Amino acid sequence: MARFLRPGYAVDPAALDAWPASGAAETPGEDARCRVFLALDETGCLRAAFAAFGPPVVVACADWVCERVAGQAVEFTRIITLADVEKALALAPTQRYAGLVAIDALANAVINLGR
């Protein structure tokens with residue numbers, strides 16, 4: 001619940017131009033959307049933020065994914081799995097979609113970061 005009430009990696013809408021890459025994902029059946037924003041710092045490590053719409057679990061998953069990749073190399077993003085999100089946030093089976101949305105948004109952002 002704390003991640004939903006005070007997400008540490010929510011994007012500042014006034015600073016969207018500071019993010020050179022973003023990727024989105026959604027699950028229309030759950031009315032959940034997520035966009036992950038990525039940038040590289042001066043050392044080549046990732047900075048990450050997100051914007052999400054949907055149930056609180058979507059916000060929590062997006063926040064966790066951004067926290068996990070912040071400060072890491074781009075290659076690190078490829079090893080994050082749904083099982084990691086499920087375990088870290090103790091997701092119920094009916095909440096798996098939220099982890100998938102966050103991971104898919106991250107993967108799409110990484111693709112766009114390379115362009």
Side-chain angles (χ1 to χ4, degrees):
M1 189 60 146
R3 283 190 186 276
F4 171 70
L5 295 174
R6 288 179 296 289
Y9 290 86
V11 72
D12 176 0
L16 291 179
D17 292 340
W19 300 98
S22 71
E26 62 181 86
T27 58
E30 297 293 340
D31 199 22
R33 295 175 186 85
C34 179
R35 180 170 295 275
V36 171
F37 299 87
L38 295 177
L40 294 174
D41 68 14
E42 60 280 349
T43 66
C45 292
L46 287 170
R47 292 186 310 116
F50 76 93
F53 172 83
V57 69
V58 176
V59 173
C61 288
D63 192 59
W64 184 87
V65 164
C66 288
E67 178 182 2
R68 193 71 183 102
V69 301
Q72 301 291 332
V74 174
E75 295 76 25
F76 182 79
T77 64
R78 294 181 182 94
I79 66 168
I80 296 176
T81 66
L82 178 57
D84 296 332
V85 180
E86 287 178 312
K87 182 177 178 182
L89 299 177
L91 298 181
T94 58
Q95 297 173 320
R96 294 183 81 217
Y97 73 89
L100 287 171
V101 167
I103 289 172
D104 288 349
L106 174 64
N108 290 331
V110 169
I111 289 168
N112 292 330
L113 187 63
R115 292 184 180 169

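Keep in mind that the numbers below use all heavy atoms, side chains included, and drop hydrogens, waters and symmetry copies. Remember, predicted model here, so these are calculated numbers, not experimental data.
- Scored by the salt bridge (charged side-chain N to carboxylate O under 4.0 Å, His left out) test, E26 finds no partners at all (sequence neighbours excluded).
- Remark: side-chain polar atoms of D41 are not paired, donor with acceptor, to backbone N or O of G71 under 3.5 angstrom.
- Here CG of L113 is found 4.5 Å from CG of L40. Values are rounded to the nearest 0.5 Å.
- With sequence neighbours left out, A24 forms a side chain to side chain contact (heavy atoms under 4.5 Å, CB included) with R35.
- Atom-to-atom distance recorded for Q72:CD and I79:CD1 is 8.0 Å, nearest 0.5 angstrom.
- Among residues two or more places apart in sequence or in another chain, the side chain to side chain contact (heavy atoms under 4.5 Å, CB included) test is passed with E42 by none.
- By the side chain to side chain donor-acceptor pair (under 3.5 Å) test, E30 pairs with no residue at all, sequence neighbours left out.
- The shortest distance between side-chain heavy atoms of W19 and V11 falls below 4.5 Å.
- Proximity of a side-chain donor or acceptor of N108 to a complementary backbone N or O of D104 within less than 3.5 Å is detected.
- Residues passing the salt bridge (charged side-chain N to carboxylate O under 4.0 Å, His left out) test with R47, sequence neighbours excluded: none.
- Between L100 and T27 the shortest side-chain heavy-atom distance does not fall below 4.5 Å.
- Side-chain heavy atoms closer than 4.5 Å link hydrophobic residues (I, L, V, M, F, W, Y) into clusters, and following such links, even through other members, never connects L46 to F37.
- In terms of the side chain to side chain donor-acceptor pair (under 3.5 Å) criterion, residue partners of T81 (sequence neighbours excluded) are, by chain and number, D84.
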Step-by-step side chain to side chain contact (heavy atoms under 4.5 Å, CB included) determination, D63 to F50: CA-CA 7 Å; D63 192 59; F50 76 93; 3.5 Å; yes
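- Rounding to the nearest 0.5 Å places CH2 of W64 at 5.5 Å from CD1 of I80.
- In terms of heavy atoms, V101 sits closest to R33 at CG1-C, 4.3 Å.
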